[in-house]
Amino acid sequence: MNLSTHYDPSTTEARWYAHWMEKNYFHSEPDEREPFTIVIPPPNVTGVLHMGHMLNNTIQDILIRKARLEGKNACWVPGTDHASIATEAKVVKKLRAQGIKKSDLSREEFLAHAWEWKEEYGGKILDQLQKLGASCDWERTRFTMEPKLSAAVLRVFVSLYKKGKLYRRLRMVNWDSEAQTVLSNEEVIYGEENARLFHIRYKIEGTKDEYITIATQRPETIMADIAIAVHPEDERFQHLIGKKAIIPLINRTIPIITDTYVELDFGTGALKITPAHDPNDYEVGQRHNLKVIDILTPAGKLNEEAQILVGEDRFAARKKIKPLLEEAEALVQIEDYRTKIGRSERTDSVVEPRLSKQWFVDMKQFAADALEAVRSKEVTFYPEHMFNMYHSWLNEDNIRDWCISRQLWWGQRIPAWYYEDDVFVAESEEEALAQAKEKYPNITLAELQQDEDVLDTWFSSWLWPMSVFDGFESQEELKYYYPTNVLVTGWDIMFFWVARMIISGYEFAPELLGKDHEIMPFKDVYFTGMVRDEKRQKMSKSKGNSPDALALIENYGADGVRFGMLLSGAAGNDIIFDAPFDKATKSVLNESQRCLQGRNFCNKMWNALRLIKGWEITEDAPSAVNQLATEWFDNKLQQTLKSLDQSMKDYRLSEALMTLYNFIWGDFCSWYLEMVKPAYGEPIDRTTLKQTIEFYERLMTILHPFMPFVTEEIWHQLKARAKGEDCIISTYPKAQSFNKTIIEKVERAKEVTAKVREIRNTKGISPKEALSLYVQESPNSLALYELAGLKAMIEKMANLTGLYFTSMEEVESSIGFVSGTEKYFLEVQLMIDVEAEREKLQKELEHQRGFVKGVEKKLSNERFVNNAPAAVVDKERKKLADGQARIKILEESLENLA
RNA sequence: GGUCAAUUAGCUCAGUUGGUUUAGAGCGCUGCCUUGACAGGGCAGAGGUCACUGGUUCGAAUCCAGUAUUGACCACCA
């Protein structure tokens with residue numbers, strides 16, 4: 001054997017991933033085993049792997065790999081989301097670079113380009129997930145716009161329409177003038193920006209020089225004004241109520257009305273009402289039955305209704321209207337102020353409120369059901385408090401109907417056909433025509449006009465847990481895999497996606513699977529936190545503060561990065577990625593401590609492997625120390641397994657990983673291997689070696705879900721394997737009962753060893769110099785050392801000439817210490833600094849006295865003794881006795897020093 | 001403005017529903033250690049009146065109330 005001193009992930013990771021793929025270990029087919037299913041939150045088909053994906057998919061991979069090791073039929077379905085706005089924007093941009101304008105293309109031509117783009121660039125992110133080690137069933141890769149999934153979308157649309165859950169209505173929506181589509185509230189990002197408040201005076205009709213002054217951010221919209229509103233109790237304007245004002249520049253008269261919506265102390269107290277361009281104004285307009293004048297085109301330019309500045313973009317118009325107002329002596333003043341402005345998440349253009357006819361899903365009953373599902377724990381959230389956020393979204397005061405139409409081409413076209421005022425909703429145009437014929441027997445297909453819009457992407461992703469199993473066509477697979485076990489996602493899409501999937505479960509699972517089958521799409525939801533940079537800013541593409549994920553994997557290995565990501569936080573907690581990096585190249589400047597730690601961990605395990613593989617074998621029987629060491633480690637392993645099971649059950653993945661890290665590095669490498677390690681050049685007995693390899697192999701299985709590559713590599717290096725005997729499909733050990741006494745006694749041996757080492761350290765005695773240690777004979781010490789091999793273990797680990805019992809009160813030229821309730825003397829061949837020893841003992845004594853005092857106080861309290869459970873009281877009594885014993889030893893030691 | 005969460009060692013965080021020897025981990029830090037599995041290492045050590053003030057309790061980091069600070073989400077004034 002000739003293993004390098006450093007573990008090199010770059011050579012092993014690709015090799016093992018290819019091996020797993022070749023063996024088809026990730027693929028799942030329904031069988032008699034218990035299924036364990038996860039559907040991936042489909043990333044945008046345009047996406048590239050970022051830190052959030054890495055975290056999220058590492059967690060899913062851990063859960064899937066663990067289930068697989070536990071013998072379940074693990075199925076992790078990957079796929080991508082067609083992301084209508086994002087993808088269409090990318091395609092438009094690419095075409096523009098080629099000199100092609102979208103407006104010059106027909107719908108079919110554009111879609112041809114879009115599919116071409118998708119085939120060439122889309123879904124890169126799935127390849128990148130493989131680098132991370134994701135064990136998805138790639139044969140099951142799905143896409144939200146592929147034919148079967150689109151068919152499901154249309155079917156659902158028609159079904160909801162028939163049930164009366166859909167409606168089409170004129171509503172105030174968020175309008176992206178650049179993409180020329182409606183945006184959901186969630187796609188609008190509000191930020192504080194500098195703005196100016198224009199104070200404009202409107203002449204009162206029939207007066208010579210009486211005016212009313214309003215304040216507005218958007219002077220270019222005055223042509224769409226329909227009224228001026230003041231608060232009914234505002235004394236300043238009482239004499240004007242009911243009169244009319246004249247809009248400057250265009251000289252149209254509008255009424256002065258009252259509405260309590262107007263704030264008395266903001267601006268001038270008078271508010272222009274522009275229903276077409278402000279949601280609140282729209283409501284005021286509705287209340288007062290005012291008409292609507294819309295002066296903007298879908299592209300955000302002034303139209304004919306504006307009368308002036310027609311054809312100008314709204315921002316250009318704002319600039320140009322200023323001199324016009326000044327000239328008309330209508331501009332009173334301009335005030336700078338900060339306000340929140342909404343911008344489109346995708347195009348960053350300022351969002352316009354706009355009246356438009358759109359399709360909506362009636363959410364009232366749906367939201368109530370979805371709320372109840374989580375309240376009643378039919379679906380459990382981790383962490384639980386995420387329910388609060390969920391509640392604030394879905395409660396009946398906040399819930400809004402879901403606008404599902406988008407003015408785009410990339411997506412499922414809305415299956416609604418119009419003829420005059422009639423609408424026919426059907427899964428195909430033939431069916432729509434058949435419907436139409438019932439009313440208009442002579443109608444032809446050409447006379448039917450299909451809706452130009454496509455459906456919101458979430459209207460396909462909300463079906464994902466069912467549609468990826470083709471559940472809308474046949475229920476064979478759905479019956480087996482549905483409900484999925486757990487959904488792992490960020491809380492930022494709790495409403496977009498999680499809530500809507502729950503709703504779709506309510507609505508469609510019973511009709512597909514029957515009433516007896518579980519209907520919720522998942523049992524648990526694990527919300528990951530957001531990944532933030534070292535300044536705690538959310539990492540996002542637009543901020544450019546997310547490092548290149550693939551470069552990280554190259555630097556630290558996928559195992560190292562997985563370790564680093566995971567160590568950082570519990571479910572729901574944000575993760576701070578600690579390595580500053582170059583914003584331009586996205587390469588990491590300084591080392592990420594956490595990923596480095598992961599890489600170092602791999603190396604540590606690698607070197608433990610080298611140690612074991614380097615040992616020669618003897619047929620001698622195992623020594624007492626080796627027998628005790630293996631027995632101890634076996635028990636300790638069971639104890640660790642038990643605590644791991646609990647951590648995993650609660651989705652405390654970082655806790656589980658940390659437990660394993662400490663167990664492998666500390667208990668296995670630093671203690672166990674050192675206990676059984678033969679002297680330099682000496683062989684090890686066959687039994688102990690075999691045991692050691694078995695332990696190591698089991699550790700690799702347990703760690704495998706977290707760090708799949710290094711564990712697979714070590715698993716194979718440990719011993720010759722039969723074909724198909726791979727770590728990834730080995731058996732996860734079940735926790736057995738364990739002997740607590742052995743664990744405790746060996747822990748005491750570790751403590752004594754550490755004390756001896758500490759004295760060596762402080763006194764400058766080399767670890768190589770063997771020393772004599774004496775333990776005062778007492779019932780406790782005799783009981784402790786009854787355990788065979790314990791004495792020899794301490795002798796080996798602390799490098800002693802021997803550990804001897806003594807009945808003496810004090811040993812010549814020795815340094816005393818207390819461990820547990822036993823007193824030890826370490827013989828040292830040097831002058832002892834009596835004062836320093838006294839000080840040390842005194843300090844220890846004071847600590848113990850303080851401790852005992854506290855316990856005594858507790859025990860002398862009758863109410864404690866009477867009220868606390870017996871076990872707690874007993875524990876306190878034991879604490880007291882132990883403390884008192886230690887005080888006695890310390891006091892004697894101090895006397896002997898004098 | 002409304003709601004939620006957080007505040008524990010230099011940093012990042014646990015602390016499992018009030019009792020585990022007067023608070024734990026990892027990293028960092030300090031000291032010592034290089035022919036021996038690993039310096040990407042070993043051994044050991046120092047570091048915290050659990051944000052503050054009250055309250056409940058035999059007992060509070062843990063429960064309650066208030067205060068302060070931070071963060072997030074929602075709603076917003078033209």
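Worth saying up front: this structure is predicted, and the values here are computed from it rather than measured. Naming convention: chains lettered A, B, ... in sequence-line order (proteins, then strands); numbering from 1 in each chain.
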Each base of RNA chain B marked ( ) or [ ] if paired in-strand (Watson-Crick or G-U under 3.5 Å), | if paired to another strand and . if unpaired gives (((((((..((((.....[....)))).(((((.......))))).....(((((..]....))))))))))))....
Can you tell me how far C1' in B/U62 sits from the matching atom in B/U7, rounded to whole Å? 14 Å
Between the protein and nucleotides 28-32 of chain B, are there any N/O to N/O pairs under 3.5 Å, and if so, what are the atom names and distances?
none

Between A/E674 and A/K796, does any NZ, NE, NH1 or NH2 come within less than 4.0 Å of an OD or OE carboxylate oxygen? no
If we count only N and O atoms by modelled type, under 3.5 Å, do the side chains of A/D667 and A/Y672 hold a donor and an acceptor together? no
Using a 4.0 Å heavy-atom cut-off, does A/C602 contact any base of the nucleic acid, only the sugar-phosphate backbone, or nothing at all? nothing
Qualifying residue, where the test is side chain to side chain contact (heavy atoms under 4.5 Å, CB included) with A/I273 and the options are A/D259, A/D281, A/I228: A/D281
Classify the nucleic acid contact of A/W665 as base, sugar-phosphate or nothing, counting any heavy atom under 4.0 Å across all strands shown. sugar-phosphate
Side chains of A/T12 and A/Y7: do they bring a donor and an acceptor to under 3.5 Å? yes
Which is more 5' along RNA chain B, the nucleotide nearest A/F601 or the one nearest A/P767? Just name the residue. A/P767
Identify whether any heavy atom of A/R400 sits under 4.0 Å from a base atom; if not, whether one sits that close to sugar-phosphate; answer base, sugar-phosphate or nothing. sugar-phosphate
May I ask you to say what A/T762 touches in the nucleic acid, namely base, sugar-phosphate or nothing, with a heavy-atom cut-off under 4.0 Å? nothing
Between A/Q597 and A/Q593: side-chain donor-acceptor atoms closer than 3.5 Å: no
Before accepting this row, confirm whether a basic side-chain N of the pair A/D882/A/K878 lies closer than 4.0 Å to the acidic partner's carboxylate O. yes
Tell me the interatomic distance from A/E674, atom CD, to B/G36, atom P, rounded to whole angstroms. 14 Å
Protein N or O to nucleotides 18-23 of chain B N or O, pairs below 3.5 Å:
unit_1 : atom_1 : unit_2 : atom_2 : d
B/U21  : O2     : A/R886 : NH2    : 2.5
B/U21  : O4     : A/D882 : OD2    : 2.3
B/U22  : O4     : A/H847 : O      : 2.8
B/U22  : O4     : A/F851 : N      : 2.7

Using the aromatic ring of A/H385 (for Trp, its six-membered ring), decide whether it stacks on the base of B/A5 within the limits of 5.5 Å and 30°. no
Atom CE of A/M605 and atom C1' of B/G41 are separated, to the nearest Å, by 15 Å
Rounded distance in Å between the C1' positions of B/C43 and B/G48: 25 Å
Just compare B/U35, B/A37, B/A78 and give me whichever is closest to any side-chain atom of A/Q217. B/A78
Can you pull the salt bridge (charged side-chain N to carboxylate O under 4.0 Å, His left out) pairs that have at least one residue in residues 848-863 of chain A, sequence neighbours excluded? A/R849-A/E891, A/K858-A/E876
Are any of the side-chain nitrogens in A/E384 or A/K377 under 4.0 Å away from the carboxylate oxygens of its partner? yes
Within the 3.5 Å criterion, strictly below it, is a donor on A/E335 or A/H199 matched to an acceptor on the partner's side chain? yes
Return the nearest nucleotide to the side chain of A/N398; candidates are B/C27, B/A37, B/C74. B/C74
Side chains of A/D225 and A/T274: donor-acceptor distance under 3.5 Å anywhere? yes
Touch class at under 4.0 angstrom, heavy-atom based, for A/D278 against every strand present: nothing
State the syn/anti category of B/G36 according to its glycosidic angle, syn meaning within 90° of 0. anti
Identify whether the distance between the nearest side-chain nitrogen and carboxylate oxygen of A/E220 and A/R318 falls below 4.0 Å. yes
Distances under 3.5 Å between nitrogen or oxygen atoms of protein and nucleotides 45-48 of chain B:
none

Could you state the CD1-P distance from A/I200 to B/A78, rounded to the nearest angstrom? 15 Å
Salt bridge (charged side-chain N to carboxylate O under 4.0 Å, His left out) contacts touching residues 387-396 of chain A (sequence neighbours left out): none
Taking atom C1' in both B/U21 and B/U17, what distance in whole Å separates the two? 24 Å
